[in-house]
Amino acid sequence: DTGVSQDPRHKITKRGQNVTFRCDPISEHNRLYWYRQTLGQGPEFLTYFQNEAQLEKSRLLSDRFSAERPKGSFSTLEIQRTEQGDSAMYLCASTTQGGDTEAFFGQGTRLTVV
Amino acid sequence: GENVEQHPSTLSVQEGDSAVIKCTYSDSASNYFPWYKQELGKRPQLIIDIRSNVGEKKDQRIAVTLNKTAKHFSLHITETQPEDSAVYFCAASSNYQLIWGAGTKLIIKP
């Protein structure tokens with residue numbers, strides 16, 4: 001599969017623990033997005049990168065969330081001191097350029113905080 | 001900022017009938033309007049999109065219409081089939097960011 005891949009697919013963690021997710025975009029895509037999706041809702045924008053630069057971060061995003069894309073290829077999303085409200089599906093998507101082209105999504109990482 | 005509203009939240013239609021899902025957006029600068037289909041437990045996948053310089057686009061049984069003046073766009077699915085059952089999301093893009101509707105659960109009744 002040469003699409004967007006995410007790892008792990010599922011993560012169960014205890015409240016207060018830190019978790020890190022990885023996203024490998026389609027290789028020629030220079031834009032990478034992170035979204036959060038809860039049941040019955042559309043994807044909620046978290047942050048996006050153009051190459052290695054993080055250009056925008058949602059105002060709704062807590063300081064406990066941080067994302068990196070150090071070499072402009074794969075990206076990581078870390079959540080520190082997880083809370084039960086962080087439980088959701090975390091989706092990564094990549095595109096070739098701006099917001100007017102198809103976004104290809106990964107399978108997502110389902111996080112459950114217990 | 002952009003806000004996208006989507007209706008209805010659930011739509012049940014008889015197999016073979018048509019389904020229409022509507023979205024409105026707030027930012028007149030938005031210029032790209034994709035529709036994604038998400039089956040249970042799977043990733044969202046693009047089914048059709050339209051840009052602001054076009055009023056209508058069709059791909060087999062699926063069509064999208066855009067009214068820039070009224071700031072709304074709609075998805076039309078004709079001759080619905082069981083495999084059309086899924087959640088459908090509209091989105092509006094301004095510059096780099098897609099703002100998503102809350103989704104419509106489409107149920108196709110046999």
Side-chain angles (χ1 to χ4, degrees), chain A residues 1-7 9-10 21 23-26 29-51 53-61 88-110 112, chain B residues 1-11 21 23-25 27 29-54 57 59 64 66 73 75 86-107:
Chain A
D1 186 357
T2 56
V4 179
S5 62
Q6 291 186 245
D7 183 72
R9 294 287 307 277
H10 304 273
F21 311 142
C23 171
D24 286 88
I26 294 172
H29 287 185
N30 59 359
R31 292 207 174 198
L32 185 149
Y33 300 77
W34 284 99
Y35 292 92
R36 177 170 59 194
Q37 186 177 30
T38 53
L39 197 63
Q41 297 297 315
E44 174 194 8
F45 171 79
L46 296 179
T47 188
Y48 98 102
F49 293 82
Q50 178 157 320
N51 300 314
Q54 186 174 18
L55 296 188
E56 185 70 17
K57 187 175 176 180
S58 169
R59 290 173 302 211
L60 302 175
L61 204 59
M89 175 72 84
Y90 290 84
L91 292 165
C92 173
S94 69
T95 73
T96 51
Q97 51 188 5
D100 62 347
T101 59
E102 180 178 358
F104 290 83
F105 283 84
Q107 294 274 35
T109 295
R110 180 166 297 283
T112 303
Chain B
E2 177 66 281
N3 182 50
V4 176
E5 294 190 356
Q6 183 172 348
H7 301 280
S9 56
T10 304
L11 178 59
I21 302 169
C23 288
T24 60
Y25 61 99
D27 186 354
S30 291
N31 56 9
Y32 175 64
F33 307 91
W35 286 88
Y36 282 76
K37 176 183 180 182
Q38 187 174 28
E39 297 177 37
L40 190 63
K42 296 189 177 181
R43 71 190 85 187
Q45 292 193 298
L46 181 74
I47 55 171
I48 195 166
D49 57 12
I50 192 167
R51 288 174 173 75
S52 58
N53 59 347
V54 176
K57 184 177 178 180
D59 183 3
V64 57
L66 171 64
F73 56 113
L75 177 71
V87 178
Y88 291 81
F89 293 99
C90 65
S93 173
S94 178
N95 194 16
Y96 58 84
Q97 192 180 141
L98 277 177
I99 305 300
W100 296 71
T104 296
K105 183 176 183 180
L106 178 60
I107 300 167

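The sequence lines fix the lettering, A, B, ..., with proteins before strands; numbering per chain opens at 1.
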Completion exercise
Under 4.5 Å to a heavy atom of chain B? For A:E44 that would be neither

Practice task
Rounded to the nearest 0.5 Å, what's the gap from CD on B:Q38 to CE on A:M89? Could you check?
Solution key: 7.5 Å

Completion exercise
Under 4.5 Å to a heavy atom of chain A? For B:P34 that would be neither

Practice task
State, with a plain yes or no, whether a side-chain heavy atom of B:Y36 is found less than 4.5 Å away from one of A:E102.
Solution key: yes

Fill in the blank from the handout: Whatever's closer than 4.5 Å to a heavy atom in chain A on B:Q45 counts as neither

Fill in the blank from the handout: When the 4.5 angstrom heavy-atom criterion is applied to A:A103 and chain B, the contacting part is both

Exercise for the section: Could you tell me the separation between the CZ atom of A:F45 and the CG atom of B:L98, rounded to the nearest 0.5 Å? Expected result: 10.0 Å

Practice task
Might you confirm whether atom NZ of B:K105 has over 12 heavy atoms from other residues, nucleotides or ligands at distances under 6.0 Å?
Solution key: no

Problem - Ring centres under 6.0 angstrom apart (B:W100, A:Y33) - result: no

Exercise for the section: Determine the minimum heavy-atom distance between B:K42 and A:Q107, stating which atoms define it. Expected result: CA-OE1, 4.4 Å

Problem - Closest non-hydrogen atom pair between B:F89 and A:G42, with its separation - result: CE2-CA, 3.1 Å

